[in-house]
Amino acid sequence: MKRAWDSYHRMRWLEMESPFKGDILRGKVAVVSGGGSGIGYEISAQLGKHGASVAVMGRRRHVLDAAVSALRSQGIQAIGLQGDVRKQDDAVRILECAFKKFGRIDILVNAAAGNFLVPAENLSPNGFRTVIDIDSVGTFIMCREALKYLKKGGQGRDNPSTGGLIINISATLHYTATWYQIHASAAKAAVDSITRSLALEWGADYNIRVNGIAPGPIDDTAGASKLGAGEIMTKSRENVPLFKLGEKWDIAMAALYLASDAGKFINGTTLVVDGGIWLSSPRQLSKEAVSQLSRAVEQRSKQTPIGIPKSKL
Ligand code: HXC
């Protein structure tokens, strides 16, 4: 029993090791909104472990303090900057502080987000607006105010062909439609659109790459608990590819890939990291029923063409 437990944990430990070299972001500076917790924190930690200095931005001082001390304990150069992505003044101040502290800004990760489950008919206009403000307007504000630094700082001292980088954390909610998340679905659709517009304009003018990551349900996050991800998964086991919740690590690895030279020709895309879950749909027929039905129809159609009335044959 103990051996099984040990080997399970050893496997997990191995799984969590980064496959990237430890210095791929050496000398880079990242600002991560929503970097104090959840996916944003894990992205901050992995960018830091791979050589970047990190400024984490968030609304709650105590969350930022805990994040910064955890990052520093891993040898990462980190600062915590308190502010709200909805406020342009906060964005200006925070980016300026990060620039003053570290001397450049190469990477902006927009991970700040707000969400809650609510039937559309019960959602107030202010509730709708609040989520749009955090996710979509907040992303735009941060990108807009970071531009002047990404233009300068991002023109890589080491590699002049590499400009600055923006990563917008999105979702797959709006690819089809998602129950009780009309606000977040609309907000993330706008985020994807912002990603493409900026990839076009700032890619052409400043060599800045702008990409997104669309996580599926990720274990141990505010999103997973607020949106009941675990419950939903257990109800729909039959229809869900790679039947499991993702890990924050999965999203951070995608961010590293986009931020590294491996991603140097990726611009304007939103990388879905969800194990294929957004493709889930009810299985209409069992596999057994398919093989019987499919062969039977073929046999029948060989004898009698389908769709032509018997009287016409
Ligand atoms: C209905 C709600 C509500 C709820 C808030 N509101 N919660 N309506 N059901 N559960 C309404 C309020 O009544 C109010 O409208 C308006 O929203 C603003 O609420 P405030 O509390 O004043 O806003 P604020 O303090 O700014 O908080 C923002 C928040 C909050 C989004 C409501 O939950 C928050 O700060 N969230 C950040 C953390 C978070 O949500 N993380 C999860 C992200 S998950 P009225 O009309 O009454 O004034 C994620 C993943 C997406 O993004 C993809 C998943 C797969």
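Hydrogens, waters and symmetry mates are skipped; everything else that's a heavy atom, side chains included, is used. Whatever order the structure lists ligands and atoms in, that order sets their numbers, starting from 1.
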Item to complete: Please confirm whether K151 makes a cation-pi placement over Y206, using NZ or CZ under 6.0 Å from the six-membered ring centre and within 45° of the ring normal.
Response: yes

Worksheet item: For ligand 1, which part of A171 has a heavy atom less than 4.0 Å away: the side chain, the backbone, both, or neither?
Response: side chain

Worksheet item: What's the shortest distance from atom 51 (C) of ligand 1 to any protein heavy atom, and which residue and atom give it?
Response: N115 ND2, 3.6 Å

Discussion item. As an exercise, identify every atom of ligand 1 less than 4.0 angstrom from a heavy atom of R86.
Written reply: 26 (O)

Worksheet entry | D90 vs R93, salt bridge (Lys or Arg N to Asp or Glu O under 4.0 Å): CA-CA, chis, key distance, verdict | CA-CA 5 Å; D90 285 10; R93 172 178 51 78; 3.4 Å; yes

Practice prompt. Verify the contact flag for atom 16 (C) of ligand 1, where contact means a protein heavy atom under 4.0 Å away.
Written response: yes

Item to complete: Flag atom 41 (N) of ligand 1 as yes if some protein heavy-atom distance to it falls below 4.0 Å, otherwise no.
Response: yes

Worksheet item: Hey, is atom 19 (O) of ligand 1 touched by any protein heavy atom at less than 4.0 Å?
Response: no

Worksheet item: Is there a side-chain contact between D23 and H50 (heavy atoms, below 4.5 Å)?
Response: no

Worksheet item: Is it true that the side chains of T269 and N211 contain a donor and an acceptor less than 3.5 Å apart?
Response: no

Fill in: Part of T130 with heavy atoms under 4.0 Å of ligand 1, whether side chain, backbone, both or neither
side chain

Discussion item. Just to confirm my output: which protein heavy-atom neighbour is closest to atom 52 (O) of ligand 1, and how far is it?
Written reply: A113 CB, 3.3 Å

Discussion item. My question is simple, although I want it checked carefully: is atom 13 (O) of ligand 1 less than 4.0 angstrom from any protein heavy atom?
Written reply: no

Worksheet item: In terms of side-chain geometry, is the basic nitrogen of D250 or K248 positioned less than 4.0 Å from the acidic oxygen of its partner?
Response: no

Worksheet item: Taking all non-hydrogen atoms of both residues, which atom of I79 and which atom of R72 are closest, and how far apart?
Response: CG2-NH2, 3.9 Å

Worksheet, complete the sentence: of all protein heavy atoms, closest to atom 11 (C) of ligand 1 is G127 CA, 3.9 Å

Discussion item. Could you check whether any side-chain heavy atom of L256 comes within less than 4.5 Å of a side-chain heavy atom of S18, counting everything from C-beta outward?
Written reply: yes

Worksheet item: What's the shortest distance from atom 47 (O) of ligand 1 to any protein heavy atom, and which residue and atom give it?
Response: S124 OG, 4.3 Å

Worksheet item: In the protein, which heavy atom is nearest to atom 32 (C) of ligand 1, and how far is it?
Response: F116 CE2, 3.7 Å

Fill in: Any protein heavy atom < 4.0 Å from atom 22 (O) of ligand 1
no

Discussion item. Any carboxylate oxygen within less than 4.0 angstrom of a Lys/Arg side-chain nitrogen, looking at E298 and R295?
Written reply: yes

Fill in: Step-by-step salt bridge (Lys or Arg N to Asp or Glu O under 4.0 Å) determination, R61 to D65
CA-CA 6 Å; R61 184 78 257 169; D65 289 345; 3.2 Å; yes

Worksheet item: Yes or no on salt bridge (Lys or Arg N to Asp or Glu O under 4.0 Å) for K87 and D89, after CA distance, side-chain angles and deciding distance?
Response: CA-CA 5 Å; K87 297 179 182 155; D89 289 351; over 6 Å; no

Response to the item:
Short version for R60: what comes under 4.0 Å of ligand 1, heavy atoms counted, is neither

Worksheet item: Given the rule that I, L, V, M, F, W and Y join up when any side-chain heavy atoms are under 4.5 Å apart, are Y257 and M253 in one cluster?
Response: yes

Worksheet item: Just distances here: any N/O of N126 and N/O of ligand 1 closer than 3.5 Å?
Response: yes

Item to complete: Look up atom OG1 in T270 and atom CD1 in I213, then write down how far apart they are to the nearest 0.5 Å.
Response: 9.0 Å

Worksheet entry | Region of L227 that comes within reach of ligand 1 [heavy atoms, distance under 4.0 Å] | side chain

Discussion item. Please confirm whether Q181 approaches ligand 1 to less than 4.0 Å, judged on its heavy atoms.
Written reply: no

Practice prompt. Starting from atom 44 (S) of ligand 1, locate the nearest protein heavy atom and write down its residue, its atom name and how far away it is, to 0.1 Å.
Written response: G223 CA, 3.5 Å

Worksheet item: Does R59 reach ligand 1, in the sense of a heavy atom lying below 4.0 Å from it?
Response: yes

Practice prompt. Heavy-atom contacts with K226 under 4.0 Å: which atoms of ligand 1 show up? List them by number with element.
Written response: 33 (O), 36 (N), 39 (C), 40 (O)

